[in-house]
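Here is the structure we will look at, set down as structure tokens.
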Amino acid sequence: MKRTRFLRLAAVASALSAPILFAVSCKPAASGPGGGGAGGKSGKVIGFSQSNASENEWRTAETQSILTEGKARGYEVKLADAQGDQTKQIAALKDFIAQGVSAIVLSPKTTDGWEPVLKEVKAAGIPVILVDRGVSADPSLYATLIASDFVAEGRMAGEWLVKKTGGNGGVIQLEGSAGADPAIERRKGFEEALAAAPGLKILASQSGDFNRAKGKQVMEATIKAHAKAITAVYAHNDGMALGAIEALKEAGMNPGADVQVVSIDGIGDAFKALDAGTLNCTVECSPILGGMAFDAVEKIAKGETLEKKTTVQDRLFDATNYKAEMPNRKY
Ligand code: AHR
């Protein structure tokens, strides 16, 4: 890793670690006005449960967006990083109840397993704003979900690939973390699109956990198993696609030319790879959710009713249009 990049990541990591410690040591706050009626210091203390703050650049950008927006609007945001462990995430929600936060922003790792703790949160009168991923739970247990349409993202990626390849070839699918909403739905959307092209076959489909290093490892194994039959890679996020590109290059293959690479997220490094010609297409999934999350917090505090879901709009970038967007990519 380059020194500047390392220093940037180290600065973010140290900025993230302080609120985690604070959240754990904070005593329950006194009751006061707030969205769910549970109080918190003057109703401006928010618990933010992040599934895995160091998973990839996308998640770093999402965490920063929530923390920065909260600060700008005068909130104290207590960040609890579950480091990829749903049990820790559930424990963090219970801590937030004990601390009397006025609302909880939750980015859930998986879709399942939330009902019992969400019932406890509801009983404590604390509203929950789901960001970036949904859960399979009774919708009355949360106030709103702010997220992209992951099925549509997968479908856009699939339709792009069908068109680009003429509907022929062998695809490796690098899936996100097992049980996560975007992994389930991006697979569904992509496979729906491929149903229109029987000549374009999925040779292997395996999880790379939304992580660059794991994406690379899985790609190395699939190259050994399928070698020259691979003409395309579809990764559920840019991180895994960038790992796969490294593996393809090391195997003497030519990503971007002999092997079409398509992925999802639209992070800065994906734009650099589009520019280098090693990545062919990325479907945006915006991590800049802080503004919408705190709009929801404030509407709830005013007693307004929210839509159950706000869908974040995504765009597709490939060689035809990435250049104009490149200077705007800050994450
Ligand atoms: O839930 C959004 C997904 O999760 C992003 O695509 C990914 O990079 C992340 O970790």
Side-chain angles (χ1 to χ4, degrees), residues 9 12 16 48-66 81-86 89 105-112 114 129-136 142 145-158 173-190 207-216 218 233-245 261-271 273 279 281-290 292-293 309-317 329-331:
L9 289 174
V12 169
L16 295 181
F48 172 36
S49 170
Q50 175 57 283
S51 58
N52 189 356
S54 56
E55 188 168 63
N56 52 46
E57 293 94 325
W58 189 97
R59 213 145 276 286
T60 303
E62 184 195 45
T63 304
Q64 278 182 317
S65 172
I66 304 280
D81 173 16
Q83 298 165 327
D85 180 346
Q86 191 193 17
Q89 223 173 357
V105 176
L106 168 63
S107 174
K109 177 167 168 59
T110 52
T111 55
D112 292 340
W114 292 102
I129 293 119
L130 295 174
V131 287
D132 109 58
R133 294 179 179 182
V135 294
S136 55
Y142 57 88
L145 162 66
I146 300 162
S148 292
D149 180 340
F150 297 132
V151 177
E153 289 174 348
R155 198 181 300 120
M156 278 161 89
Q173 176 170 222
L174 299 175
E175 297 184 42
S177 323
D181 197 15
I184 298 164
E185 297 194 345
R186 286 174 183 168
R187 175 177 180 153
K188 185 170 183 275
F190 183 75
S207 174
D209 269 343
F210 284 126
N211 177 274
R212 190 182 296 213
K214 288 193 189 157
K216 183 177 180 191
V218 173
V233 173
Y234 164 54
H236 289 188
N237 81 348
D238 289 337
M240 294 187 293
L242 295 167
I245 287 168
V261 184
V262 53
S263 63
I264 296 174
D265 272 359
I267 61 170
D269 280 359
F271 276 76
L279 179 73
C281 173
T282 182
V283 177
E284 180 182 49
C285 175
S286 178
I288 311 303
L289 303 175
M292 282 182 279
K309 181 171 181 189
T310 301
T311 304
V312 181
Q313 295 308 314
D314 300 315
R315 296 165 292 172
L316 181 147
F317 295 98
R329 248 342 86 149
K330 301 289 182 241
Y331 55 89

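Just so it is clear, the values below take in all heavy atoms, side chains as well, and ignore hydrogens, waters and symmetry mates. Counting convention: from 1, in listed order, for ligands and their atoms alike.
- For ligand 1 and Arg133, the ligand atoms under 4.0 Å from any heavy atom of the residue are 1 (O), 3 (C), 4 (O), 9 (C), 10 (O).
- Here the side chains of Glu55 and Gln50 are not in contact, with every heavy-atom distance at 4.5 Å or above.
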Inset, instruction - Take Ser107 and Asp132, measure what side-chain hydrogen bond (donor to acceptor under 3.5 Å, both in side chains) needs, and give me the verdict at the end. - result: CA-CA 6 Å; Ser107 174; Asp132 109 58; 2.6 Å; yes
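- Counting only heavy atoms of the protein, atom 10 (O) of ligand 1 lies nearest to Glu55 OE1, 2.5 Å.
- Nearest to atom 2 (C) of ligand 1 among the protein's heavy atoms is Asp132 OD1, 3.3 Å.
- Residue-to-ligand polar distances keep His236 apart from ligand 1: every N/O pair is separated by 3.5 Å or more.
- Taking atom 7 (C) of ligand 1 as the reference point, the nearest protein heavy-atom neighbour is Asp265 OD2, 3.6 Å.
- The local environment of NZ in Lys188 is sparse, with at most 12 non-hydrogen atoms from other residues, nucleotides or ligands closer than 6.0 Å.
- Residue contacts with ligand 1 include Asn56, since one or more of its heavy atoms lies under 4.0 Å from the ligand.
- Counting heavy atoms from C-beta on, the side chains of Ile288 and Lys330 never come closer than 4.5 Å.
- Contact annotation for Arg186 and ligand 1: only side-chain heavy atoms (C-beta onward) come within less than 4.0 Å of the ligand.
- At a heavy-atom distance under 4.0 Å, only side-chain atoms of Pro182, from C-beta outward, approach ligand 1.
- For the residue pair Thr111 and Asp181, no side-chain donor N or O sits within less than 3.5 Å of a side-chain acceptor on the partner.
- A salt bridge links Glu62 with Arg59: at least one charged nitrogen is closer than 4.0 Å to a carboxylate oxygen.
- Among protein heavy atoms, the minimum distance from atom 9 (C) of ligand 1 is reached at Arg59 NH2, 3.3 Å.
- Between Asp149 and the choices Thr311, Asp314, Val312, the side-chain contact (heavy atoms from CB on, under 4.5 Å) rule is met once, by Thr311.
- Neither the backbone nor the side chain of Asp181 has any atom closer than 4.0 Å to an atom of ligand 1 (non-hydrogen atoms only).
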